[in-house]
Amino acid sequence: MNDERVLCVSEEPDLGIALVRLARSIVGVEAGRVFAVVLPGSAPDVIERIAAGGADGIHVLEGAASSDPHVVAEALSALVSDLAPTLILMGSTKRGRELAGRLAGTLDLPATTGVTGLRLEADGIRIDREALSGNAVAVERIVRRPAIVAVMSGVDAPPASPPASTERSSHPMPATVPLTERTEARPKAGGQLEIEKAERIVTIGRGLQKKEDLSIVEALAKALRAEVGCTRPLAAEAGWLTDDHWIGLTGHRVHPKLYVAVGVSGAVQHLVGMRSSRVVVAINKDPNAPIFAQADYRVTGDLYQVVPALTKALGG
Ligand SMILES: Cc1cc2nc3c(=O)[nH]c(=O)nc-3n(C[C@H](O)[C@H](O)[C@H](O)COP(=O)(O)OP(=O)(O)OC[C@H]3O[C@@H](n4cnc5c(N)ncnc54)[C@H](O)[C@@H]3O)c2cc1C
């Protein structure tokens with residue numbers, strides 16, 4: 001696959017860097033070329049981090065940052081014409097999915113979103129996508145190249161040795177008239193926690209009997225230097241925690257190194273949000289709770305006894 005040319009773009013820096021690493025792992029270290037686009041408004045260290053991730057070329061778009069996918073798609077169209085990529089990797093974020101659709105329409109390219117794995121094959125690109133609310137995997141083949149593939153966050157590849165040199169170039173944002181414009185940016189009512197970025201999470205579910213008992217779980221989280229997450233009922237119905245703690249299909253999708261589920265039954269809508277956690281510990285008094293099927297460590301017992309004992313054992 002020596003002639004592979006992969007263009008990576010995401011408005012989220014960490015995801016953009018993960019895409020570059022993924023691209024590098026797909027095309028190999030010697031073969032193929034990996035390009036990354038840095039969007040206006042990105043932090044100054046992003047360029048260096050992308051270079052370290054294994055990009056051969058970094059294209060910095062300069063000008064005013066735009067939240068309008070029409071404007072960004074115009075800028076990307078010009079780069080796609082210049083670079084002639086065989087594959088365009090994007091982040092399957094809300095913004096990334098809009099952009100993928102817009103770019104696909106502009107350039108008449110195939111596009112897929114929600115991708116959790118991909119492999120280049122002689123007759124196309126084989127992809128894994130989330131299906132049935134993340135409860136199944138659909139395996140599909142893109143039969144026409146170049147193609148746009150929007151990848152879910154959490155998909156990463158091992159770091160590759162960076163190329164001997166990384167070319168850098170700047171490009172002005174086009175003077176495209178936006179189709180939409182932001183009139184106001186308000187802080188989220190639900191709080192400012194970015195639970196997607198947490199490396200350790202202790203999640204509480206309806207096993208907790210009253211709001212005052214949250215302190216039991218918060219003490220365990222503190223001992224583990226973890227963030228506190230929750231199931232939907234605790235945020236949406238009880239209002240014990242703000243929406244930024246809510247994990248699952250309609251909440252946040254997380255991929256921490258450690259996920260401790262306390263009094264959580266393991267409904268599919270919750271599992272979708274935490275399934276890619278590396279190590280899962282579940283504490284539940286019901287030995288048949290579905291969460292146990294996802295867990296690496298299972299503790300069958302009353303959380304009111306198990307959690308304080310665990311916190312104490314951890315020195316909390
Ligand atoms: C369209 C849709 C979207 C949804 N999106 C989400 C979502 O994003 N996130 C989400 O979480 N849910 C979501 N849900 C809700 C989901 O279906 C479940 O209802 C919810 O996840 C259950 O939360 P829970 O595990 O806290 O509560 P429950 O299912 O009531 O489970 C409580 C658990 O606590 C255990 N328990 C009770 N007492 C103790 C004790 N003393 N010690 C130890 N264990 C104890 C019980 O055995 C039980 O397993 C969605 C539902 C729908 C229909």
Side-chain angles (χ1 to χ4, degrees), residues 92-94 97 113-114 116 129-137 152-154 188-191 193-198 200-221 223-224 226-256 258-277 280-314 316:
S92 192
T93 57
K94 192 164 72 174
R97 289 191 295 272
T113 59
T116 55
R129 305 178 73 182
E130 281 197 348
L132 300 175
S133 305
N135 211 26
V137 175
M152 299 288 290
S153 68
K188 272 196 294 184
L193 172 66
E194 291 186 294
I195 202 152
E196 302 88 343
K197 296 188 178 162
R200 299 185 205 94
I201 297 174
V202 177
T203 287
I204 185 65
R206 230 167 7 191
L208 201 72
Q209 284 164 15
K210 51 186 190 305
K211 187 179 180 185
E212 293 67 43
D213 298 343
L214 274 173
S215 58
I216 301 172
V217 181
E218 285 162 353
L220 176 60
L224 286 168
E227 300 290 356
V228 174
C230 69
T231 59
R232 180 165 99 157
L234 265 67
E237 293 160 25
W240 292 353
L241 288 161
T242 47
D243 290 0
D244 47 346
H245 296 264
W246 168 354
I247 291 165
L249 177 67
T250 43
H252 298 273
R253 298 194 179 206
V254 297
H255 30 82
L258 174 67
Y259 191 86
V260 184
V262 181
V264 172
S265 60
V268 286
Q269 296 90 350
H270 183 76
L271 300 182
V272 170
M274 50 67 69
R275 187 168 273 144
S276 52
S277 303
V280 177
V281 179
I283 302 167
N284 199 301
K285 68 178 184 184
D286 175 4
N288 298 314
I291 189 72
F292 282 143
Q294 294 292 320
D296 301 286
Y297 298 93
R298 305 166 186 88
V299 184
T300 307
D302 185 337
L303 74 89
Y304 286 91
Q305 290 167 5
V306 175
V307 173
L310 193 53
T311 307
K312 195 170 169 204
L314 289 163

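Just so you know, ligand 1 is whichever comes first in the structure, and atom 1 is the first atom listed for that ligand. In this text, all values refer to a predicted model and were calculated from it rather than measured experimentally.
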Pull out every atom of ligand 1 sitting under 4.0 Å from any heavy atom of Trp246, numbered as shown with elements. 7 (C), 8 (O), 9 (N)
Just need the protein heavy atom nearest to atom 10 (C) of ligand 1, so name the residue and atom and give the distance. Arg232 N, 3.3 Å
Would you compute the distance between atom CD of Glu227 and atom NE2 of His245 and round it to the nearest 0.5 angstrom? 8.0 Å
Identity and distance of the protein heavy atom lying nearest atom 47 (O) of ligand 1: Asn284 OD1, 2.8 Å
Counting heavy atoms only, which of Arg253, Arg206, Glu237 comes nearest to atom 30 (O) of ligand 1? Arg206
Can you list the ligand 1 atoms lying under 4.0 Å from a non-hydrogen atom of Gly251? 8 (O)
Among all protein non-hydrogen atoms, which one is nearest to atom 28 (P) of ligand 1, and what is the separation to 0.1 Å? Ser265 OG, 3.6 Å
Counting both backbone and side chain atoms, is some N or O of Gln209 under 3.5 Å from an N or O of ligand 1? no
Short list, please: which atoms of ligand 1 are under 4.0 Å from a heavy atom of Thr250? 3 (C), 4 (C), 5 (N), 6 (C), 7 (C), 8 (O)
So for ligand 1, is Gly263 a polar contact partner (N or O within less than 3.5 Å, distance only)? yes
Closest to atom 36 (N) of ligand 1 among protein heavy atoms sits Gly207 CA, 3.6 Å
Interatomic spacing from CD in Glu196 to CG in Asp244 - rounded to 0.5 Å: 9.0 Å
Report yes if some N/O of Ile247 lies less than 3.5 Å from some N/O of ligand 1; otherwise report no. yes
The answer for which part of Ile291 has a heavy atom under 4.0 Å from ligand 1 is neither
Do me a favour and list the nearest non-hydrogen protein atom to atom 42 (N) of ligand 1 with residue, atom name and distance? Leu303 N, 2.8 Å
For ligand 1, which is the ligand I care about here, please tell me if Thr231 has any N or O atom under 3.5 Å from one of the ligand's N or O atoms. yes
Heavy-atom protein neighbour under 4.0 angstrom from atom 1 (C) of ligand 1: no
With respect to Pro233, determine whether any N or O atom, backbone or side chain, lies less than 3.5 Å from an N or O atom of ligand 1. no
Please test Arg253 against Ser153 for side chain to side chain contact (heavy atoms under 4.5 Å, CB included), starting from the C-alpha separation and ending with a verdict. CA-CA 9 Å; Arg253 298 194 179 206; Ser153 68; 5.9 Å; no
What's the separation between atom OG1 in Thr203 and atom CE in Met274, rounded to the nearest 0.5 Å? 8.0 Å
What's the separation between atom CE in Met152 and atom OG1 in Thr93, rounded to the nearest 0.5 Å? 10.0 Å
Near Gly205 (heavy-atom distance under 4.0 Å), the atoms of ligand 1 are 26 (O)
Is Glu130 salt-bridged to Arg275, going by a charged N under 4.0 Å from an acidic O? no
Return the residue, atom name and 0.1 Å-rounded distance of the protein heavy atom closest to atom 44 (N) of ligand 1. Lys285 N, 3.2 Å
For atom 17 (O) of ligand 1, what's the nearest protein heavy-atom neighbour? Residue, atom name and distance, please. Gln269 OE1, 2.8 Å
Proximal candidate to atom 18 (C) of ligand 1 [heavy atom criterion; set Gly301, Ala289, Ala267]: Ala267
One finds that the ligand 1 atoms under 4.0 Å from a non-hydrogen atom of Asp302 are 40 (C), 41 (N), 42 (N)
Could you tell me whether Tyr304 atom OH has more than 12 heavy atoms of other residues or ligands within 6.0 Å of it? yes
Number the atoms of ligand 1 from 1 as they appear, then name those within less than 4.0 Å of a heavy atom of Leu249, with their elements. 7 (C), 8 (O)
Of the options Thr231, Ile216, Leu241, which is the one that meets Ile204 in a side-chain contact (heavy atoms from CB on, under 4.5 Å)? Leu241
Taking 4.0 angstrom as the limit and counting only heavy atoms of Asp286, give me the atoms of ligand 1 inside it, by number and element. 47 (O)
